[in-house]
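Labels below follow one simple rule: chain letters A, B, ... track the order of the sequence lines, proteins then strands, and each chain is numbered from 1.
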Amino acid sequence: MSAVRASAAGAPPEPRHGIRIAVLWAILTIAGVPLVVFVLGPHLPPFDGNSVQANDQHDVNVTLLALAVPVAALIWVYFGYAVIVFRQRGQDIVDGPPIIGTPRLQLTWLIVTAVMVLGLATYGTADLLGRAAGAGGGEGPNPLVEAPAGAHPLQVQVIGQQWLWTFRYPSYGGVETPELVLPRNRWVEFHVTSLDVVHSFWAVELGIKADAVPGSDNVAFGDPIKVEKFQVRCSELCGLWHGHMNTRGQVMTQTGFASWIARQQVKYAGVTKYLPPYNHIYYPKPLRRAG
Amino acid sequence: VLRRALLVGATCVVLVGLVLAYLFAFLTAAPAALSATVQNGSAHLTLETVPTYGHSPDPDWVSYLALDSSGHWRHTTIYKVPAHTLVTVTVYQFDTATGLRNPFLAKVMGTQGDLATMNGKAMSVLNPDDASHTFTIPDLGVSVPLPGISSTAKNPCGSSPCPLSNDHNTITFSFMAPGPGTYRWQCFVPCGAGFILGNGGPMQTIGWMDGLIEVT
C-alpha cells in the first residue's frame, strides 16, 4: 500500500497513500484513546464504585472501547480517504486498475486480526475467572468462580414470576420480601430462580445479572461497596408487564441491614409460616391449575 | 407507463395505510376507563371477579368487572381515581380457589393497617391454597388475596355479571392513592385455565385479570 505506484507515461507519480493513511490514523488514535479513557470513560455504565463487580465491568467497558478506537479510526480514515482521493473524476467512466494479490498485506492483516481477537479472548477469560468474581450468572448451581474463601457470603434467593421480583433470606428464617436490601462490604450469593417463565435478574448499578429459569438454581455473586439505592429489572422479555417488572434495591450498612431484616421478620411472620421450606429450586408442587 | 406507475403507487399507499391503521388500532385498543365514585373526600371502586365472562370474545375466560356510577357492570380493568385520596375497594368474589404459586402473596400488604375484611371479618393473611385471585398494584406495594368460594358451593355463578344472590365472598380494603400517574395492577393467582402454567389468556390481557389505575 505504501509503495509508490507506477504512473502512466507523462502523469505525475502517485503519492504515498499508505503513509498518508497511517499518519491520519495515528493522529486520530492518539487523540481518540485519551478522550475515550478520560472523558467518556467516567460516564460509562455501570458507574464505578458501586460494587466489586460493577468496578470490574466499568474497567472492562473502558478498556474495550479504548481498544476499539484504533480499529474504528483505521476503517473511518481509509473510507474517508478512499471517497475523497480515489474518487472517479470527469465525465468518462473507466475501469479501475486491476487488483493484484499482495501476500504481505494479507498476511499482516491476518496476523493483526488474529492477535487482536485471541488477545481479547484471553483478556475476557482471565477477567471472568478473576476480577469479575462470578457476577455474570448463567453457570447454574456450580459456578466456576465463587466468592473468596472465608467470605461467608449472605445467601439471597431471587424469585422471578410474571411480573414481580421477591427475595428470600434463608439465614433469617427464610423470610421473603418484596424489596432487595443488601449489607455493604459483604459478599452476597444470589440464587436466582423463577416460578413460571424465563426471566433475567439484573441489579443494574451493581453490575449483577443472572437468568431466572424455572426449576433451576442459577448462582451469581456480588460484593456491594457503596451505600445507595439501585434498580432491579427484568432483562428477558417475559410477557405483558415485562417492561414494568422493576423494583428498587438498597445497599445498607451492616447495622442498618441487621435492623431492616429484623423488621421484615416481624412484618412478614404471618405469611412466612405458609412458605415452603427453603430450597434452591423454588417451584411449588403440585402445580395448581397449570393449564 | 405513467398510468401504471400511478396505479402501483396508489395500491402501495392503500396497503401501507391499511397496515398502519391495523397497527394503530391494535396498539391503542383498550377498554374504556371507569371512574371511581367520590363521596365525602374518598373514592370507591366496586368490582367483581367471575369464573367465566360468558360473552364474546372469550366467554370461558375468568375476569374482573367493575360497577359504574349508574349501577351497571362494565367489562373493564382500567380505573380512574383521584390523587392523594383514600380509595376503598369492594370486591365480590364469585370464583373458586386455585391457590397462589408464590405463597408470599397470601399476605395483605399496602392497605390501611395492612388489613382487608372478608365477609366483615378482618383479614391480614390467607391460606395460600384458598386464594382465588389477588388484586395487586406492585408499584404501590398494595396486594390483597381474594379467597375463593367453596368448590362445593350450591349456587355458583355461571356467567357475568354475577348477582349477589350467587355464592360469593365480599372483600373490602382501602389504600391511599399516590400522586398522578398510571400504575399497573394484576392478579397473581395463575387463574388462566387452559393456558400454559395458568398464566396465559386472561392473565396476559388488559380488561380481564390485568389493568391500570389512572391516578389523576
Contact check, side chains of B:Asn199 and A:Val197, non-hydrogen atoms, under 4.5 Å: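 With C-beta onward as the side chain, the pair stays apart.
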Do you know which of B:Arg184, B:Met109, B:Gln204, B:Lys107 has the most heavy-atom pairs under 4.5 Å to chain A?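 The answer is B:Arg184.
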Where B:Pro138 and A:Leu164 come nearest, the two heavy atoms and their spacing: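 Scanning both residues, the minimum pair turns out to be CB-CD1, 4.1 Å.
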Working to the nearest 0.5 Å, report the span between [atom1] of [X] and [atom2] of [Y].
X: B:Asp129; Y: A:Tyr274; atom1: CG; atom2: OH; result: 9.0 Å
X: B:Phe104; Y: A:Leu195; atom1: CZ; atom2: CG; result: 12.5 Å
X: A:Arg168; Y: B:Asn102; atom1: CZ; atom2: CG; result: 9.0 Å
X: A:Arg248; Y: B:Asp139; atom1: CZ; atom2: CG; result: 11.5 Å

Toward chain B, the part of A:Lys267 with a non-hydrogen atom under 4.5 Å: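 Both backbone and side chain.
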Side chain, backbone, both or neither: which part of A:Thr177 has a heavy atom under 4.5 Å from chain B?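 The backbone, not the side chain.
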Side chain from CB out, backbone as N, CA, C, O: work out which of these in B:Thr205 comes under 4.5 Å of a heavy atom of chain A, or both, or neither.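 Just the backbone, heavy atoms under 4.5 Å.
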So which part of B:Asp114 gets closer than 4.5 Å to some heavy atom of chain A, the side chain, the backbone, both or neither?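 Side chain only.
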Between A:Trp163 and B:Thr136, does the side-chain contact (heavy atoms from CB on, under 4.5 Å) criterion hold? Intermediate values first, please. CA-CA 11 Å; A:Trp163 295 271; B:Thr136 305; over 6 Å; no
Stepwise side-chain contact (heavy atoms from CB on, under 4.5 Å) test for B:Leu105 and A:Thr166: CA-CA 10 Å; B:Leu105 292 161; A:Thr166 53; 5.8 Å; no
For A:His152, I'd like to know if atom NE2 has over 12 heavy atoms of other residues, nucleotides or ligands within 6.0 Å.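 No.
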Exam field: side chain A:Gln162 to backbone B:Pro190, donor-acceptor pair closer than 3.5 Å: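 No, because the side chain of A:Gln162 does not come within donor-acceptor range (under 3.5 Å) of the backbone of B:Pro190.
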